[in-house]
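In the text below, chain A, chain B and the rest are named by the order of the sequence lines, each starting its count at 1.
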Amino acid sequence: MQTGAFRDIRNAPANYTILHLHKCFKFHFNVIYILVIMDTTGNIINKAYSYKDVEEKWYSFWKENGFFHSEPDQRASYSIVIPPPNITGFLHMGHALNNTLQDILVRYKKMRGFNVVWIPGTDHAGIATQNVVERQLAQEGLDRFKLGREKFIERVWEWKKKSGDVIVHQLMKLGVACDWSRQRFTMDEGLSIAVKEVFVRLYTEGLIYRGEYIINWCPRCLTALSDLEVEHKDEDGKLYYLFYPFSDLKEGITVATTRPETMLGDTAVAVHPDDPRYKGIIGKNVILPIADREIPVIPDSSVHSDFGTGAVKITPSHDFDDFEVSKRHSLPLIQVIDRNGKMTANAGKYQNMDRYKARTAIVEKLQKLGLLVKVEDYKLSAGRCYRCSTITEPMVSTQWFVKTGTLAQHAVDAVKEHRTRIIPIQWEKSYFEWMENIKDWCISRQIWWGHRIPAWYCDDCKGITVSTETPKACSKCNSPNIHQDEDVLDTWFSSALWPFSTLGWPEETADLKYYYPTGVLVTAFDILFFWVARMMMMGLKLMNDVPFRHVYIHAIVRDEFGKKMSKTKGNVIDPLLIIEKYGTDAFRFTLASMAAQGRDIKLSEQRILGYKNFINKLWNSTRFVNIKRLEAGLNPPFRQSGEIHLNNSSENPIDAWINKKLSDTLSGVLDALENYRFNDAAAVLYQFVWHEYCDWYLEMVKIHYSESSDKATLENMLFVHEALTKLLHPFIPFVTEEIYHILGNSDSIMKASYPDLKQPVKSDRVSETYVHDIDTVIEVVKRIRNIRAECNVPAASDVDMSFAGADEKLSLIEKYSTYITKMTHGKNIKLHREPLTIKGTAVEHIEGLNIYIHLSGVIEPSVEIQRLDKEIGKLQPELEKYKYKLNNEEFIKKAPQEVIEETKQINAELRERYEQFNVSRKRIEELLK
RNA sequence: AGGCGGAUAGCUCAGCUGGUAGAGCGCCACUCUUACACGGUGGAUGUCGCAGGUUCGAGCCCUGUUCCGCCUACCA
């Protein structure tokens with residue numbers, strides 16, 4: 001038989017008819033043991049946890065039973081609105097992390113008795129979605145203009161119907177406890193009403209206005225972009241030095257530019273007013289070559305004298321700064337590049353030429369004229385459209401804006417007054433910085449997919465009518481000849497309303513009253529400005545209250561090179577593949593464990609594998625406790641209340657011990673989750689389950705139960721197992737639900753409540769003693785195991801052991817001798833008051849106790865001396881450190897009393913151990929003589 | 001250019017308010033023991049980027065500095 005075959009059978013699914021094999025391979029004999037373990041419903045419980053069987057089953061169970069649903073009631077509410085993923089989106093690591101963290105909070109708060117709602121939904125993603133559909137049209141040889149606005153929008157809706165919920169179904173795979181009955185879409189009827197309402201209100205108050213301004217324009221998407229929608233990157237470019245002669249043609253001025261094609265739109269040359277080189281020429285005119293226009297030399301302090309020649313050509317129509325300069329100096333605007341990125345009629349014979357072809361042509365022409373002074377290589381930062389990466393063009397046009405001044409101020413105040421807390425707090429600084437330098441928000445987009453701007457223009461009086469309902473006539477002159485604005489609103493405009501529009505605003509609904517403001521917004525920092533800041537402004541303005549009490553900012557998941565994962569870069573790790581490979585629970589636990597990582601999470605599969613093993617460990621411990629449960633015929637509830645009580649002096653010491661550790665774990669998890677330290681919560685649970693509960697408690701239960709058949713301890717074990725299952729549920733919902741049922745519960749674990757510290761954990765002196773006892777037993781066992789391993793004692797052979805020390809310690813050893821012998825393969829324990837000297841014995845020392853392992857024939861005295869020397873060698877530098885510390889007068893004088901006490905105690909312990917080792921060493925040496 | 005973050009065990013990273021450096025994976029040895037080999041037991045491994053400073057005491061605070069990353073920005 002081969003190992004491979006062995007494994008294959010072991011991992012067979014639950015419905016596999018052959019019962020799985022158990023510890024089957026005996027080396028010389030082909031003996032196969034078959035062990036069958038069944039749960040209460042008669043299913044075979046697999047030895048290896050197979051998540052695939054479990055996950056789908058429970059998600060539909062939860063969903064169909066309405067466990068995700070919430071309605072306002074008497075309880076305290078806790079609400080979260082999902083950052084709505086784009087309908088064009090596919091689940092990526094960012095979504096996975098973001099939604100896992102939210103789900104942990106949602107399930108946790110539910111189990112703590114809050115009435116929790118998590119409102120899901122999707123975003124119409126204007127430009128992104130339009131691009132997707134336009135690409136489809138292109139394949140059919142069509143474009144949106146051929147189709148016309150109405151037909152095009154129909155096409156988008158069709159597409160949305162078909163593919164828009166892909167991301168939603170992917171989210172479900174993560175196990176998210178969203179209230180799907182409340183699912184919203186930013187272009188829903190209700191949300192569209194909210195959008196119009198906000199537009200009209202803000203317009204009426206003068207907070208939305210229409211104006212001519214220079215904006216970022218994408219010549220491919222043919223729309224305005226907000227500042228945030230433009231990405232800047234350093235690129236190789238050239239810096240051209242152009243010579244503009246004075247009108248007397250004798251001398252001139254050299255300007256530097258990276259964009260010579262814009263020179264045809266120049267309306268001035270600016271120099272710094274204090275620049276001595278140009279003192280005399282301010283006010284003179286230069287002749288703009290090719291265009292043959294005269295333009296003035298003007299003073300402006302925004303010019304940096306030390307850059308280039310200290311003289312700047314001013315092109316107000318195609319440069320943000322120049323636009324500002326032109327306003328200060330009342331310069332005319334001359335547009336030379338059009339919306340398609342081609343030269344306009346103002347460019348004379350270059351008309352209709354592409355902007356980059358025109359650059360080459362104009363540079364050549366200038367060279368011929370002898371006006372090109374020089375060309376240098378230069379790194380420049382070009383703006384690119386965040387959707388299609390086309391280089392954007394600054395363009396002067398008429399757009400709609402939100403006046404952000406006071407809105408932003410209120411949003412700043414709210415955070416300063418901690419009505420909304422940003423966590424981690426360092427993000428506050430970025431938030432303030434951005435908010436305090438905010439510009440008016442350009443909200444109009446020249447695309448078709450989105451909320452159409454509710455403004456109508458009168459063909460007769462040119463008046464503007466803004467209204468939530470489609471008007472019949474101009475509100476100014478009553479003329480029926482009106483037409484609606486062609487533009488739609490920035491996608492983020494509707495997203496900004498998300499925390500209240502999803503709750504029914506502008507209606508004053510019961511939901512709105514009950515759930516607003518939301519408890520927390522969970523998001524990555526990359527949309528802190530795009531979205532969070534704008535929700536703050538809108539929430540405060542329209543609801544008169546912050547939209548969320550907390551903002552929790554988590555990391556961005558990056559690839560191994562620290563780059564943001566994106567489809568265009570092709571560096572995406574698909575979470576769905578990870579789920580397929582390791583299971584959702586393992587994946588979720590990994591994400592929670594890594595949530596603390598600074599700004600980037602670089603996902604490593606090794607780590608996920610580790611947590612998959614953890615789930616398996618949990619699974620197998622469940623198999624064990626359930627065998628015992630069925631044997632003993634125990635059924636839930638395993639305790640009358642959820643209280644963890646330590647004050648039962650008749651209880652088993654190991655129960656007192658594990659209950660204390662459970663209680664510590666509980667407070668650790670609560671503290672961590674209340675402070676959004678997901679990784680700490682995960683670590684505390686991992687440590688408890690594996691290294692306290694499984695490693696020690698279950699092993700001791702085995703020993704105890706085989707001796708005493710004590711059902712009370714089994715019940716305590718089941719109580720602890722169920723409690724830790726509940727504690728883990730928010731992190732790993734699927735496996736915990738399965739376990740909860742295996743333990744004999746018929747209801748969902750989602751209905752269970754988190755173990756609660758409100759019922760105080762009492763502990764009397766007896767329990768405390770028990771806890772300390774077991775800690776000591778563990779310490780003793782570890783020391784003995786250590787010796788066995790270091791002395792290469794064969795694992796299967798039992799060894800005699802003796803103990804020497806104070807009565808108190810000896811009675812402890814006596815009391816727990818069964819645990820000690822069974823856990824160390826020991827036998828014939830003997831107790832002594834005085835230290836021993838026996839040949840062939842290895843020695844260990846812990847506080848107040850000497851441990852002797854009798855290894856005649858296994859260990860030579862000389863070898864034992866070497867071993868002791870090693871121990872002594874390890875202790876020496878430690879002792880030196882403490883000696884120095886305690887001899888330091890300043891330390892004694894200035895350190896807090898408790899630190900000094902602690903130091904003294906550790907020192908005493910080390911010293912005792914050190915001395916005992918030395919004594920033992922001497923005795924063995926004497927034996928050798 | 002400014003702002004922010006990172007630099008800790010071979011790898012991926014924890015380390016909250018300064019008080020004997022941790023986890024997971026990997027590695028070495030033993031081990032298929034009756035929940036689990038996706039397991040058990042034991043073990044090795046770090047001048048906490050570098051240089052100063054404050055402090056009785058610094059991975060943590062301060063100053064400077066070097067790499068790496070991100071964000072913002074009007075040097076044309």
Do A:Y914 and A:E878 get their side chains close enough for a donor-acceptor pair, meaning under 3.5 Å?
no

Of the candidates B:C56, B:C13, B:A35, the side chain of A:R607 sits closest to B:C13

Give the nucleotide from the list B:A76, B:A35, B:G15 with an atom nearest to the side chain of A:L698.
B:A35

Whole angstroms only, please: what is the OH-P distance between A:Y697 and B:G40?
19 Å

Regarding A:A256, tell me which of base, sugar-phosphate or nothing describes its non-hydrogen contacts under 4.0 Å with the strands shown.
base

Looking for any heavy atom pair under 4.0 Å, which part of the strands does A:P794 touch: base, sugar-phosphate only, or nothing?
nothing

Could you tell me whether the phosphate oxygens of B:U31, OP1 or OP2, come under 4.0 Å of any side-chain nitrogen or oxygen in A:H825?
no

Among B:A14, B:C56, B:A35, the one nearest any side-chain atom of A:I627 is B:A35

Check this one for me: any side-chain N or O of A:K612 less than 4.0 Å away from OP1 or OP2 of B:C38?
no

From the list B:U20, B:U41, B:A35, which nucleotide is the closest neighbour of the side chain of A:E902?
B:U20

Rounded to whole angstroms, how far apart are NZ on A:K439 and P on B:U72?
12 Å

Among the candidates B:C38, B:G19, B:C70, find the nucleotide nearest to the side-chain atoms of A:N613.
B:C38

What is the distance, to the nearest angstrom, from the CZ atom on A:R785 to the P atom on B:G40?
11 Å

Does A:K822 place a side-chain N or O at less than 4.0 Å from the phosphate oxygens OP1/OP2 of B:U33?
no

Rounded to whole angstrom units, what separation is found between the CZ atom of A:F614 and the P atom of B:A23?
16 Å

Sugar-phosphate only, base, or nothing, as touched by A:G310 at under 4.0 Å among non-hydrogen atoms:
base

At what distance, to the nearest 0.5 angstrom, does CG of A:D798 lie from OG1 of A:T821?
9.0 Å

Does A:K702 place a side-chain N or O at less than 4.0 Å from the phosphate oxygens OP1/OP2 of B:A35?
yes

With the side chain of A:K617 defined as its heavy atoms from C-beta on, choose the nearest nucleotide among B:G40, B:A14, B:U20.
B:G40

Would you say the side-chain atoms of A:Y51 pair up with the backbone N or O of A:K581, donor to acceptor, closer than 3.5 Å?
yes

Go nucleotide by nucleotide along RNA chain B from the 5' end; which of A:K881 and A:Q687 gets its closest nucleotide reached first?
A:K881

What nucleotide, of B:A76, B:G40, B:A35, holds the atom closest to the side chain of A:S621?
B:A35

Against the side chain of A:H304, the closest entry in B:C75, B:A35, B:C38 is B:C75

Length of the line joining A:E324:CD and B:A73:P, which is rounded to integer Å
14 Å

Under 6.0 Å from the six-membered ring centre of A:F624 and within 45° of its axis: does the NZ or CZ of A:K702 meet both?
yes

Between A:N786 and B:G43, is there a contact of a side-chain N or O with OP1 or OP2 at under 4.0 Å?
yes

With a 4.0 Å cutoff (strictly under), does any side-chain N or O of A:K429 reach OP1 or OP2 of B:C4?
yes

If you check the A:R677 side chain, which of B:A14, B:A76, B:C16 turns out closest?
B:C16

Does the side chain of A:D266 pick up a donor-acceptor pair with the side chain of A:T315 at under 3.5 Å?
yes

Evaluate the ring-ring contact (aromatic ring centres under 6.0 Å, His included) criterion for residues A:Y611 and A:Y686: first the C-alpha distance (whole Å), next the side-chain angles of each, then the deciding distance (0.1 Å), finally the verdict.
CA-CA 9 Å; A:Y611 291 116; A:Y686 184 101; 5.7 Å; yes

Could you please name the option among B:A14, B:U31, B:G19 that lies closest to any side-chain atom of A:D680?
B:A14

Considering only atom P, compute the distance from B:U8 to B:C68 and round it to an integer number of Å.
15 Å

Can you tell me how far P in B:C48 sits from the matching atom in B:G10, rounded to whole Å?
12 Å

Under a 3.5 Å limit for both distances, which nucleotide forms a Watson-Crick or G-U wobble pair with B:A1, could you say?
B:U72

Whole Å only: how far is the NZ atom of A:K870 from the C1' atom of B:G42?
11 Å

P-based separation of B:C75 from B:G15 [nearest Å]:
36 Å

Looking at B:A21, which nucleotide sits across from it as a Watson-Crick or G-U wobble partner, both distances under 3.5 angstrom, or is there none?
none

Student check: side-chain heavy atoms of A:Y552 and A:I422 closer than 4.5 Å
no

Complement of B:A35, any strand, by Watson-Crick or G-U distances under 3.5 angstrom
none

Any side-chain to backbone donor/acceptor pair from A:N675 onto A:R677? Under 3.5 Å, distance only.
no

Name the residue closer to the 5' end of RNA chain B, choosing between A:G610 and A:N616 according to the nucleotide with the nearest heavy atom.
A:G610

Can you check the distance between B:C11 and B:U72, where both ends of the measurement are the P atom (answer in whole Å)?
32 Å

Can you check the distance between B:A76 and B:G6, where both ends of the measurement are the P atom (answer in whole Å)?
31 Å

Tell me: CG of A:L609 to C1' of B:C11, nearest whole Å?
14 Å

Interatomic distance at C1', B:G19 relative to B:G59, whole Å:
13 Å

Is the number of heavy atoms from other residues, nucleotides or ligands within 6.0 Å of CD (A:E898) greater than 12?
no

Using the C1' atom in both, what is the distance from B:C71 to B:A9, to the nearest Å?
32 Å

Look at A:W434 and B:G2 and indicate whether a side-chain polar atom (N or O) is within less than 4.0 Å of OP1 or OP2.
no

Just to confirm, is there a sub-4.0 Å distance from OP1 or OP2 of B:A44 to any side-chain nitrogen or oxygen of A:K874?
yes

At 4.0 Å (heavy atoms only), tell me whether A:H272 reaches a base, stays on the sugar-phosphate, or touches nothing.
nothing

What interatomic distance, in whole Å, is found between P of B:G52 and the corresponding atom of B:C28?
39 Å

Take atom OH of A:Y611 and atom C1' of B:C36, then tell me their distance rounded to the nearest Å.
19 Å

B:C30: pairing nucleotide in any strand, Watson-Crick or G-U under 3.5 angstrom:
B:G40

Less than 3.5 Å between a donor and an acceptor, one on the side chain of A:E699 and one on the base of B:A35, is that the case here?
yes

With both distances kept under 3.5 Å, what pairs with B:G52, Watson-Crick or G-U wobble?
B:C62

